[in-house]
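The analysis underlying the following values was restricted to heavy atoms, covering all of them including side chains, and did not include hydrogens, waters or symmetry mates. Note that the structure is predicted; figures quoted are calculated from it, not measured. Reminder, nothing fancy here: chain letters follow the sequence lines and each chain counts from 1.
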Amino acid sequence: AQSVTQLGSHVSVSEGALVLLRCNYSSSVPPYLFWYVQYPNQGLQLLLKYTSAATLVKGINGFEAEFKKSETSFHLTKPSAHMSDAAEYFCAVTSYNQGGKLIFGQGTELSVKP
Amino acid sequence: DGGITQSPKYLFRKEGQNVTLSCEQNLNHDAMYWYRQDPGQGLRLIYYSQIVNDFQKGDIAEGYSVSREKKESFPLTVTSAQKNPTAFYLCASSTGTGDIHEQYFGPGTRLTVT
């Protein structure tokens, strides 16, 4: 079975500081990994995805994530936080044998202080 | 503009009543999904459909029912058998399961049952 663990349900950073949101996965087959962002009372928007091509993936809004197989991690980073980055972030995993179903982590709420 | 619409945005019902949540997509996607979101629990899969006239139970299908009579529509009925129906419900779609495609999400429906 696949699973995702997001370390830290709440992360707070200052504007301009590095954003680091942690995601570790468990999968017995090669995984495909996603990061989504959710603003209050809205749906989820895809930030980026890893599908076995380059291990460093760049996404929208200046975010990027690196797939590290040895660490079973897919952490999300952004060099400089903006106030508009305040939202909830979800990591998700799937694989070729999951029929398109995604397994989501519990989410990390990012706060950005001025 | 292509996308997924969910209606209504907010829905209030009395305990013991069935209620149907609408989900429509004009992305020509084959697969559609229903998730339930509760604070601190991420997204949990209720039902999914990979093709018209076919659907499968997800992880928390008890107390819910769906239909998929048209490619663009995947309504979810929350029945009186669902013990704790108050939640945020998200519908999603993707191009299919032959390759790994990201899911696109609707804006969600917040259901409150009293």
Is atom [atom1] of [X] surrounded by more than 12 heavy atoms (other residues, nucleotides or ligands) closer than 6.0 Å?
X	atom1	result
B:Q41	CD	yes
A:Y25	OH	yes
B:R110	CZ	yes
B:K83	NZ	no
B:I51	CD1	no

To the nearest 0.5 Å, what is the distance between [atom1] on [X] and [atom2] on [Y]?
X	Y	atom1	atom2	value
A:T94	B:Q103	OG1	CD	8.0 Å
B:Y33	A:K101	OH	NZ	9.5 Å
B:Y35	A:F104	OH	CZ	4.5 Å

_Please classify the contact of A:S95 with chain B as side chain, backbone, both or neither, using a heavy-atom distance under 4.5 Å._
backbone
*chain B contact via A:T51 - which portion, at a heavy-atom distance below 4.5 Å*: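 Side chain only.
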Can you say whether [X] sits under 4.5 Å from chain A via the side chain, the backbone, both, or neither, judging by heavy atoms?
X	value
B:L43	both
B:Q37	side chain
B:Y10	side chain

*Flag the one option from A:L102, A:V4, A:I103, A:L46 with the top tally of heavy-atom pairs under 4.5 Å to chain B.*
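Heavy-atom pair counts peak at A:L102.
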_Do A:Y50 and A:L44 land in one hydrophobic cluster if side-chain heavy atoms of ILVMFWY residues count as linked below 4.5 Å?_
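No, separate clusters.
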_Quick check on the hydrophobic clustering: are A:Y39 and A:L110 connected, directly or via other members, by side-chain heavy-atom contacts under 4.5 Å?_
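Cluster IDs for A:Y39 and A:L110 match.
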_Side-chain heavy-atom pair A:Q38, B:L90 within 4.5 angstrom cut-off_ =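 In short, these two side chains touch, coming nearer than 4.5 Å.
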